K.L.:
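Handing you a structure now.
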Protein chains: 2
Amino acid sequence: MQDAAPPRPYHHGDLRSALLSAAEAELAERGMEAFSLRSVAKRAGVSHAAPAHHFGDAQGLLTALAAEGFRQFLAAQSAREAVAESDPASQLVAAGMGYIDFAMARPTLFRLMWQSNRPDFDIPDLGKAARAAFHHLVDQVAKAGGETTADEAAVWALAHGLADLLASNRLRGVGALDPAARDEMLAGIIRRALPGA
Amino acid sequence: MQDAAPPRPYHHGDLRSALLSAAEAELAERGMEAFSLRSVAKRAGVSHAAPAHHFGDAQGLLTALAAEGFRQFLAAQSAREAVAESDPASQLVAAGMGYIDFAMARPTLFRLMWQSNRPDFDIPDLGKAARAAFHHLVDQVAKAGGETTADEAAVWALAHGLADLLASNRLRGVGALDPAARDEMLAGIIRRALPGA
DNA sequence: CTCCTATCTTGACAGTGTAAGGATATGGGC
DNA sequence: GCCCATATCCTTACACTGTCAAGATAGGAG
């Protein structure tokens, strides 16, 4: 992770992952639109053209970052499911909570993944990771007894809407609650979209 | 009025609104991230520095465009309400449908308003327009019998989630329906979030 | 007609992404 | 030990961007 204190080694050692970390940090600090490839390189302590060898261009870097994001997004859902009751409805709500957890913890990365057209979803690595991530919630709907397209859309849209509004800090009445109370309220809301609730 | 044959008139006449139209067209064609102030100026047939006098800088232009967007966003909701039943629940669903209409008709503008940090919401004109627009749905919730923060959040998040997913074309199963069937399905989904439904 | 002001243009500057070619380290064959 | 093939990183250069400063033009007031 941390490279040596003396003048920077010519060969970084693990520049690829260092650039990904630097890119996410830059995104979080300066925002999606002010993102600059040269700033990322500077933050990683490397010349402005170094990223090219690992990612091709800026889109390549953001594509790789988004793919990594989708994998961690799926992990956030799984983490919630692991500590929830095992019945299908509880698992579905847990997946939705993980969806929201991720959006609140890393709002700019969430935006890169969902609202930006800079990542290239035709790159197989990202395409696969993205589909796996946002199909997971929909799959849970079927296990919980959902049968129609409307059931899938309702649960997904509700979780996504909560996540997006919370990530941009527009649901102040909810975001200001302490975590436990917030969790309970959000779980109650997600349950409204459940089939037969 | 248009003396287009000779070289362009030195004074445009209505450059401010021409630049706003050009900006929205550029956004729709080239996307949020590839937006360029110079391209907008070129599209409006004017020098690259002409926008500065009307909007200050790029952020000023995008702020003005977002403010105009929020006004039309509110109008889209009102248009749906005008042709809906007058009972509070129907009016609420209609507002949600207008919310979605706007997102599907002008997806990039929707993104500028909701997911970009380039517009400056501290400018009073935009701040007022934005608050008026997204409080309208929430106000309808109270009229329809909603009392809690959860009621407000549920309806808003559901409408917003549907709008956002449809704007980015991820709800293919819903987006592919013909308008009438799609309306019916979306209305049914929104109703799920209603208090006491 | 003269001049004032708002409007638009031109020219310049720093910062950006990207491509081309040069510099340096690493490891394998000898 | 020596040498060089390769991956890795740097330097340079170019077109494009947003913004600022200064000049050009038009329309209207007096």
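Note that this is a predicted model, so its numbers are computed, not measured. All chains are named by letter (A, B, ...) in the order of the sequence lines, taking the proteins before the strands, and each is independently numbered beginning at 1.
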K.L.:
With a 4.0 Å heavy-atom cut-off, tell me which residues in residues 51-60 of chain B come close to DNA chain C, sorted by residue number.
P.N.:
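Correct list: His53(B), His54(B).
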K.L.:
So what does Ala50(B) touch, heavy atoms closer than 4.0 Å: a base, only the sugar-phosphate, or nothing?
P.N.:
base
K.L.:
Applying side chain to side chain donor-acceptor pair (under 3.5 Å), can you list everything that pairs with Glu152(B), at least two apart in sequence or on another chain?
P.N.:
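Scan of Glu152(B) (side chain to side chain donor-acceptor pair (under 3.5 Å), adjacent residues dropped) gives none.
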K.L.:
After noting the C-alpha distance and the side-chain angles of Gln140(A) and Gln77(A), does the key distance pass the side-chain hydrogen bond (donor to acceptor under 3.5 Å, both in side chains) rule?
P.N.:
CA-CA 11 Å; Gln140(A) 300 277 37; Gln77(A) 295 179 245; over 6 Å; no
K.L.:
Listing request: all salt bridge (Lys or Arg N to Asp or Glu O under 4.0 Å) pairs with a residue in residues 30-58 of chain B, at least two apart in sequence or in separate chains.
P.N.:
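The answer is Glu26(B)-Arg30(B), Glu26(B)-Arg43(B), Glu29(B)-Arg43(B).
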K.L.:
Quick check: do Leu177(B) and Thr149(A) have side-chain heavy atoms less than 4.5 Å from each other?
P.N.:
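Sidechains of Thr149(A) and Leu177(B): no contact.
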K.L.:
Just to verify, what does Arg80(A) make a salt bridge (charged side-chain N to carboxylate O under 4.0 Å, His left out) with, not counting sequence neighbours?
P.N.:
Asp101(A), Asp183(A)
K.L.:
Asp125(B): which residues meet the salt bridge (charged side-chain N to carboxylate O under 4.0 Å, His left out) condition with it, sequence neighbours left out?
P.N.:
Arg71(B)
K.L.:
Restricting to pairs with a member in residues 36-61 of chain B, which pass ring-ring contact (aromatic ring centres under 6.0 Å, His included), not counting sequence neighbours?
P.N.:
none
K.L.:
For the pair made of CG in Asp14(B) and C1' in dG27(D), what is the distance, rounded to whole Å?
P.N.:
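My rounded result for the distance is 17 Å.
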K.L.:
Roughly how many Å is it from CG in Leu15(A) to P in dT24(C), rounded to a whole number?
P.N.:
18 Å
K.L.:
Can you pull out every salt bridge (Lys or Arg N to Asp or Glu O under 4.0 Å) where at least one residue sits in residues 86-95 of chain A? Sequence neighbours excluded, please.
P.N.:
none
K.L.:
Considering only nitrogen or oxygen atoms on both sides, find all protein atoms under 3.5 Å from nucleotides 12-17 of chain D and state each distance.
P.N.:
residue: dT12(D); atom: O4; partner: His48(A); partner atom: NE2; Å: 2.9

K.L.:
Give me the residues of residues 111-119 of chain A where at least one heavy atom lies under 4.0 Å from an atom of DNA chain C, by number, or none.
P.N.:
none
K.L.:
Is any side-chain heavy atom of Ile190(B) closer than 4.5 Å to a side-chain heavy atom of Ile100(B)?
P.N.:
yes
K.L.:
Please verify the inter-ring angle class for Phe110(B) with Phe102(B); under 30° counts as parallel, over 60° as perpendicular, anything in between as tilted.
P.N.:
tilted
K.L.:
Taking ring-ring contact (aromatic ring centres under 6.0 Å, His included) as the cut-off, I'd like each qualifying pair that reaches into residues 126-153 of chain A, sequence neighbours left out, listed once.
P.N.:
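Matches after skipping sequence neighbours: Trp114(A)-Phe134(A), Phe134(A)-Trp156(A).
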K.L.:
Five pairs at each end of the helix from dC1(C)-dG30(D) to dC30(C)-dG1(D): take the axis at both ends and give me the angle between them to 10°.
P.N.:
10°
K.L.:
Which pairs pass side chain to side chain donor-acceptor pair (under 3.5 Å) with one or both residues in residues 169-182 of chain A, sequence neighbours excluded?
P.N.:
none
K.L.:
Using whole Å, report how far CG of Leu61(A) lies from P of dT16(C).
P.N.:
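Whole-Å distance recorded here is 15 Å.
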K.L.:
Go through the steps to decide whether Leu165(A) and Val174(A) satisfy the test side-chain contact (heavy atoms from CB on, under 4.5 Å), and finish with yes or no.
P.N.:
CA-CA 10 Å; Leu165(A) 291 175; Val174(A) 179; over 6 Å; no
